[in-house]
Protein chains: 2
Amino acid sequence: MAGSQGDKYYDVFLRYRLWLSTKDGIGILGEGRLALLREIDKTGSLKAAADNLNISYRKAWGNIKHAEEMLGFILVEKQRGGKLGGKSQLTDEARNLLSAYDELKDDFELAIKDITRKFFKKINKT
Amino acid sequence: MAGSQGDKYYDVFLRYRLWLSTKDGIGILGEGRLALLREIDKTGSLKAAADNLNISYRKAWGNIKHAEEMLGFILVEKQRGGKLGGKSQLTDEARNLLSAYDELKDDFELAIKDITRKFFKKINKT
DNA sequence: ATCCGATATGCATCATTAAACATATTGCAA
DNA sequence: TTGCAATATGTTTAATGATGCATATCGGAT
């Protein structure tokens, strides 16, 4: 929260983004793609995951593929064909990544809380 | 740093961005615009600052204006005309903001260090 | 009064990214 | 062996944002 009403920065907020990238700054996985992985895990289907997150299948598929190419290993075990058309499930690596990220996020939130408070306290004093 | 060579995530890095935004997610000030403010402070000129940062005057001017409109107060005291064409200098609010941001950034770096180390330690174990 | 260089701003264009469209492939079950 | 639904992928169009271009304004110094 920015501060108490009346503060100069009352309706200003501090935001942050975290993501994994290559050394030269190419994005690999961010919040959006991790959410996609989580949804694949939940539904067992890339298409269902894309639908649930309101993004096109084309985009979802491309995102996963790009991340896998950057990482050099597979995040989603995909099979096609069959009565149900196919299915997808996360690899162990992907699950491990998700759980590590969740922990990271929590740690982060916790750490940023005080820092943010201190920041707004300082700028609102001007 | 991602970890020791041989690790699965050896050439993967965790990045972050911090910025000020409105409640509904409209960006106000990020690293780039703060750098612009710093350069204005250093040079006393919006044009010189833009040149030094290799961005167009048009863009620099628009960025400052947008930030000021979002914040509801002035960051740069601008005057035009005169032999030298004009000049610009930061308001006290802008200076305060810059110094608070520097402190925030330092705090942030410090906090993220351990968190990042822990994250890579965990995912590299898979 | 005129000149100069920076501030001020609208408008066209270009580039980068995201969304949409189209089409092929796969393999189980009926 | 055919139909179906999801995976797989190229192409293309739309949208967003950055860049460049043009032009006006201002006021101290000459």
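Quantities reported herein were computed from a predicted structural model and do not represent experimental measurements. Naming: A, B, ... by sequence-line order, numbering from 1 per chain.
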If I take atom CD from residue A:E31 and atom CG from residue A:L18, how far apart are they, to the nearest 0.5 angstrom? 7.5 Å
Verify the cluster assignment for A:I40 and A:F73: are they in a single hydrophobic cluster under the rule of side-chain heavy atoms below 4.5 Å apart? yes
How long is the straight-line distance from NZ of B:K8 back to CG of A:L97, given to the nearest 0.5 Å? 10.0 Å
Working to the nearest 0.5 Å, report the span between CG of A:L71 and CG of A:L20. 7.5 Å
So how far is it from A:K59 NZ to A:L36 CG, rounded to the nearest 0.5 Å? 10.0 Å
Positions of residues 33-58 of chain B (non-hydrogen atom under 4.0 Å from DNA chain D), listed by number: B:R58
Taking only Lys NZ, Arg NE, NH1 and NH2, and the carboxylate oxygens of Asp or Glu, determine whether B:K65 and B:E68 approach each other closer than 4.0 Å. no
Run the ring-ring contact (aromatic ring centres under 6.0 Å, His included) test against B:F108 and tell me which residues pass, sequence neighbours left out. A:F108, B:Y16
State whether A:S88 places a side-chain N or O below 4.0 Å from either non-bridging phosphate oxygen (OP1 or OP2) of D:dT7. yes
Please work out which residues in residues 59-86 of chain B have a non-hydrogen atom less than 4.0 Å from an atom of DNA chain D and list them by number. B:K59, B:R80, B:G81, B:G82, B:K83
Please determine whether salt bridge (Lys or Arg N to Asp or Glu O under 4.0 Å) holds for the pair B:D114 and B:K118, giving the CA-CA distance in whole Å, both sets of side-chain angles, and the decisive distance to 0.1 Å. CA-CA 6 Å; B:D114 290 334; B:K118 175 178 164 195; over 6 Å; no
